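Here's the structure, in structure tokens; my notes come after.
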Amino acid sequence: METSDISIAVASTVGHPAVQADEGPDALHACKILIIDDEAPNVRLLERVLTHAGFENFISTTDSCEAAALFADFQPDLVLSDWLMPGIDGCAVIKQLRALLATDDYLPIIVLTADITPQTKKRALSAGATDFLTKPFDQIEVILRIQNLLQSRLSHLTIQTQIATLEESVRQRTIELERALNTLQGTQQQIIQQERLAALGAMAGGIAHDFNNALSVIMGFGELLLRDAEHGLTKEKAEGPIATILTAADDAAKIVHRLHQFYGQEEPGDQRVPVDLNELIEQAISLTRPRWEIEATAAGRTIMVSAEPGDIPCIEGDAAELREAVTNLIFNAVDALPQGGTITIGTSLVGEAVALRISDTGDGMSERVRQRCLEPFFTTKGKRGTGLGLSMVFGIISRHGGTIEIESEPGKGTTFTLRLPPANGESVGSMKRADALPWSSRPLRILVVDDQPILCHLVCEQLQVDLHTVETALSGSEALEKFRAAHFDLVITDHVMAEMNGEALAVAIKKINPKTPVILLTGYADDSTAEKQSSGAIDLILGKPLSRGALRHALFKVTAACLA
């Protein structure tokens, strides 16, 4: 085509109504175009066509070997490539360029060729060509095809931008939701803590009553024994008061133990263990006795609580959480008995699930209240209620893979049925219960360490009754001096002492003789938490108050372990 013909064709193209871009002329004309053709006249022709159509952002090359480098540097929005070129032909160029693109990118490549055979078209399309322009060019067709493909390119870029914006929005929203979840979990823990404190507060008066009763017995009979000792106290006369004092002291220890069980929390990540629901129910009934017996009686109402244990397997769970759930359900039943009544707690095996039922003969609930009573903050008790007790029960049972069913009718009472999966199918009746073990079969040489002389003397007396040889120390440093100077079969140390505590002393003793067992006495734990709190140098932890039987059991346990 001659030069004059080119000019006329370009002029008519600029004003053609079909050439106007949907994306707007400014957006189209800002697009970048790469021209690859080994014939300079063809390159100049295409440059003039683009310039007259309003495109200025383009570059060109007559060396196909430079195409990939120019493409990477220029980053065009559209490529015009000749097909038959020396060195690297159009097919190879297209493959090179496609290899530089992301898999989800859309960049149009137009093939310029006079070869319009089906085989050529198939090769070009297979390599990644988007469209064809047949030589000699129809310049209006050139501009129309370029504009149409650039509109598609701009639409693709718009969609990519929107996707990126949406992904960023989702990412930010996810971060916000994670923060909200963390806040919610923190709030949930605070609510659970508040509910525990509320339950503990509800029991406080009754607990104080029981504890004062035990102290009254101990003080009263202690004073009687002291009085009678002045007039020659006989064994027969002393046995009764002493037995009563020991019973009262044991009751007081159990009160503290029940509080520890109720409020104690297991360490994060602790594995769940088989739980005897029948035993747990007895503990919950005992724990709540001040509320349903003492407080109710003082208020002029009589509430009877009875247990109907069934032959059930153990369940696998967190005993403290489950005891807390049953305790809350008992409190809920007590609140539903303003005139007194009966609470019945039973267990049974229903299909493959262990069922625990708590029934009361109280006021009952309407259908609306029954459907909403497990919702957080829903309460019918006004200022007396937090609306969290039953929702906390629901959370505990759900975490144990269980379900809750509620049957209630106004004036006819309420029944909560908890269904929980069993653990290994082991029945409670078949569980082996450890009897009290005998004490050490041979006398031992024992070092007792406690910074309280009276407690040190008490442990010493208990050991000497069983013919053990005992030396005492009132501090960790004194204990180490005696341990280095003589041989001891066993060390019994208090936990909390000035200068050096029991754990530090145990570590020091193990460095001197790793085979010497160490028993730690503490008022902060019981034997069930021994393995968790042991520093590795402690063989056994005993909780205070310490009975002679528990001490014998501990000696047998550590000496048997050393001989094993």
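If you're wondering where the values come from, they're calculated on a predicted model, not measured in any experiment. Position 1 is the first residue of the sequence, and the numbers go up from there.
A salt bridge does not link D77 to K32: none of the charged side-chain nitrogens sits closer than 4.0 Å to a carboxylate oxygen. Ion pairing between a basic and an acidic side chain is recognised when a charged N comes within 4.0 Å of a carboxylate O; D37 and K135 show such pairing. Taking a cutoff of 4.0 Å between a charged side-chain nitrogen and a carboxylate oxygen, R179 and E176 do not qualify as a salt bridge. No salt bridge links D115 with K121; every basic N to acidic carboxylate O contact stays at or beyond 4.0 Å. For the pair E167 and R171, the salt-bridge criterion is not met [side-chain N within less than 4.0 Å of a carboxylate O]. Salt-bridge annotation for R44 and E47: absent, with no side-chain N of the basic residue lying under 4.0 Å from a carboxylate O of the acidic one. D105 has a carboxylate O that lies under 4.0 Å from a charged side-chain N of R153, or vice versa, which qualifies the two as a salt bridge.
Nearest heavy-atom pair across P76 and L107 is O-CD1, 2.8 Å. Closest of all the heavy-atom pairs between L45 and Q139 is CD1-NE2, 4.3 Å. The two residues A53 and I143 make their nearest non-hydrogen contact at CB-CD1, 3.5 Å. Residues A67 and I36 share a closest heavy-atom pair of CB-CD1, 3.6 Å.
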Point to revise | Test side-chain contact (heavy atoms from CB on, under 4.5 Å) applied to L356 and T417, step by step | key: CA-CA 6 Å; L356 186 156; T417 302; over 6 Å; no

Exercise for review: Decide yes or no on side-chain hydrogen bond (donor to acceptor under 3.5 Å, both in side chains) for S348 and R357, but give the supporting numbers first.
Suggested key: CA-CA 8 Å; S348 61; R357 292 184 178 85; 3.0 Å; yes

Practice item. Decide yes or no on salt bridge (Lys or Arg N to Asp or Glu O under 4.0 Å) for D539 and K510, but give the supporting numbers first. Key: CA-CA 11 Å; D539 297 273; K510 291 290 187 178; 3.0 Å; yes

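Considering only residues two or more places apart in sequence or on other chains, F71 meets the ring pair (Phe, Tyr, Trp, His ring centres under 6.0 Å) condition with none of them. Residues satisfying the side chain to side chain contact (heavy atoms under 4.5 Å, CB included) test with S359, not counting sequence neighbours, are T415.
In this structure, a donor-acceptor pair under 3.5 Å is present between the side chains of T120 and T117. Side-chain atoms of E168 and Q172 form a donor-acceptor pair, as typed in the model, at a separation below 3.5 Å.
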Listed pairs under 3.5 Å, donor-acceptor, residues 84-97 side chains, sequence neighbours left out:
{"residue": "D89", "atom": "OD1", "partner": "C91", "partner atom": "N", "Å": "3.4"}
{"residue": "D89", "atom": "OD1", "partner": "A92", "partner atom": "N", "Å": "3.0"}

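Just one of I330, L322, N328 meets the side-chain contact (heavy atoms from CB on, under 4.5 Å) condition when paired with V326; it is I330.
Sparse packing is recorded around CD of E56, with 12 or fewer heavy atoms of other residues, nucleotides or ligands lying under 6.0 Å away.
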